[in-house]
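Have a look at the structure below, then the notes.
Every value quoted in this text rests on a predicted model; they were computed, and no experiment measured them.
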Amino acid sequence: MEIKCIALDLDRTTLDGDGYLPEENRLVLEEIMEKGVQVVAASGRALSTLPEAIRKMKGIRYAITSNGAAVYDLSTGKCLKQYKMTEDSVHQILDLTKEFPVTFEAFVDGEAYAPRAYVEDPIQFGADIRAVPYIRGTRKPVEDIGDFICAHGSVLDGMDVIISDPELKSRLWQMLDAEAEDVYITSSVPQLLEISYKDAGKHTGAAFLLEHLGLRQEELAAFGDGDNDAELLAFAGIGIAVENASPKCKEAADHITLSNEACGVAYGIRNILKL
């Protein structure tokens, strides 16, 4: 089956470790879009935090954002599909985690909000040093993130639990999965549990866009690196994980390409998809 659409995770997949689009990836994407292949951003990022290199690239019209909680037409800014968390589930999460050493990020209509302390010193909360400029440049600081989330509980695209202890993260994931209602939980980086409405997920965003574009599942290829990409790669006709991907992501993939730092997207398009 001919590939007519490619869904691309951004961070640590299409972008390098500093969040920039390598020239080799850019050139290959422009080349295939000129041939008529639809390229879609499929990110855990909120709309406002998508990199300019992606937002302004001629030909990338659609973006699956916030792990599938919202799908946008970038050419018009119109939100084509959106899921909001239920207010009950938001309060459940706050209540279930109140005894644990965690804090949160919150996403409202494509904007990202986080505690001022996290924005000022992300490393203290477990973030990778190379992610610091991205966090500081995209998060709107708030003084009390708990109060902010309570005040916006009915309009959240999603929320992240920030926790630096891997063992505690695993325990919380299991607990929230079992006890919180109407939620979809995933993770793209070690210090985050990313939570949205139960019907979200990059794979559901991709399914919506395929229907919107009149394309078949077999005509979709997808690239990713994180646990939050695994369902997307499994859903796609051809799923490709970068070499630096998580074990769960690699297990879901049909192929493994080079790492993001070695322009694995460009290599995969040329040598695996042969476009």
Side-chain angles (χ1 to χ4, degrees), residues 10-11 41-50 55 63-74 77-122 124-127 131 134-164 169 172-173 175-177 179-189 191-202 204-205 208 228:
L10 300 181
D11 295 287
S43 181
R45 292 190 184 212
L47 176 66
S48 69
T49 70
L50 295 178
R55 291 175 63 101
I64 299 164
T65 67
S66 299
N67 287 317
V71 179
Y72 288 91
D73 183 333
L74 297 178
K78 182 180 178 181
C79 185
L80 303 176
K81 179 89 173 172
Q82 189 172 48
Y83 296 110
K84 294 290 187 181
M85 296 183 69
T86 66
E87 196 162 8
D88 285 347
S89 69
V90 170
H91 288 289
Q92 275 185 312
I93 292 163
L94 292 175
D95 186 58
L96 288 167
T97 59
K98 66 183 179 182
E99 302 300 327
F100 295 93
V102 303
T103 189
F104 306 93
E105 293 183 306
F107 303 90
V108 180
D109 292 331
E111 296 286 351
Y113 301 84
R116 184 174 299 279
Y118 177 66
V119 177
E120 292 177 351
D121 187 9
Q124 177 186 345
F125 294 83
Y134 163 68
I135 293 169
R136 288 178 175 168
T138 59
R139 269 53 181 166
K140 295 185 175 182
V142 296
E143 299 304 329
D144 191 318
I145 191 66
D147 284 351
F148 179 89
I149 289 172
C150 285
H152 295 82
S154 63
V155 294
L156 291 184
D157 300 331
M159 60 188 291
D160 294 345
V161 181
I162 304 172
I163 181 163
S164 59
K169 174 185 173 181
L172 281 178
W173 193 334
M175 180 184 70
L176 293 173
D177 216 17
E179 299 186 38
E181 298 176 356
D182 297 325
V183 295
Y184 170 80
I185 306 174
T186 190
S187 181
S188 61
V189 292
Q191 82 275 14
L192 297 181
L193 282 179
E194 298 157 55
I195 307 173
S196 47
Y197 182 65
K198 64 181 178 66
D199 292 333
K202 293 185 183 183
T204 66
F208 166 79
N228 63 327

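Annotation for Leu96 and Ala180: closest pair CD1-N, 4.1 Å, computed over non-hydrogen atoms. Between Gly153 and Val90, the closest heavy-atom pair is O-CG2, 3.6 Å. The nearest pair of heavy atoms linking Lys81 to Tyr83 is CE-OH, 3.4 Å. The nearest pair of heavy atoms linking Pro115 to Phe104 is CD-O, 2.9 Å.
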Verdict with supporting geometry, Ser187 and Lys169, side-chain hydrogen bond (donor to acceptor under 3.5 Å, both in side chains): CA-CA 10 Å; Ser187 181; Lys169 174 185 173 181; 2.7 Å; yes
Step by step, work out the side chain to side chain contact (heavy atoms under 4.5 Å, CB included) result for Lys84 and Asp157. CA-CA 5 Å; Lys84 294 290 187 181; Asp157 300 331; 2.7 Å; yes
Starting from the C-alpha separation in whole Å, work towards a yes-or-no answer on side-chain hydrogen bond (donor to acceptor under 3.5 Å, both in side chains) for Thr86 and Glu181. CA-CA 9 Å; Thr86 66; Glu181 298 176 356; over 6 Å; no
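Of the possible polar contacts, none joining the Lys140 side chain to the Tyr113 backbone as a donor-acceptor pair under 3.5 Å is found. The main-chain N or O of Glu87 is never found under 3.5 Å from a side-chain atom of Ser154 such that the two would form a donor-acceptor pair. No donor-acceptor distance shorter than 3.5 angstrom exists from the side chain of Asp182 to the backbone of Lys198, with no hydrogens or angles considered. Ser188 contributes no side-chain N or O that, together with a main-chain N or O of Asn228, makes up a donor-acceptor pair within less than 3.5 Å. Between the side chain of Arg45 and the main chain of Ser66, no donor-acceptor pair closer than 3.5 Å is present. The closest donor-acceptor contact from the side chain of Arg55 to the backbone of Leu47 lies under 3.5 Å.
A distance of 11.0 Å separates CG in Leu172 from CD1 in Ile93, rounded to the nearest 0.5 Å. Rounded to the nearest 0.5 angstrom, Tyr72 OH and Lys78 NZ are separated by 12.5 Å. Asp160 contributes atom CG, which lies 7.0 Å from atom CZ of Arg139 (distance to the nearest 0.5 angstrom). With values rounded to the nearest 0.5 angstrom, Thr97 atom OG1 is found 9.5 Å from Glu99 atom CD. One finds the CD1 atom of Ile162 at 8.0 Å from the CD1 atom of Ile145 (value rounded to the nearest 0.5 Å). Of the inter-residue distances, the one linking Arg136 atom CZ with Thr138 atom OG1 reads 12.0 Å to the nearest 0.5 angstrom.
At a threshold of 4.5 Å between non-hydrogen side-chain atoms, the residues Glu194 and Ile185 do not count as touching.
With no hydrogens or angles considered, a side-chain donor-acceptor pair links Ser48 and Glu111 at under 3.5 Å.
Between Phe125 and Tyr118, the ring planes lie perpendicular to each other; the angle is over 60°, past the 30° to 60° tilted range.
By the salt bridge (Lys or Arg N to Asp or Glu O under 4.0 Å) test, Asp88 is found to be paired with no residue, residues two or more places apart in sequence or in another chain being considered.
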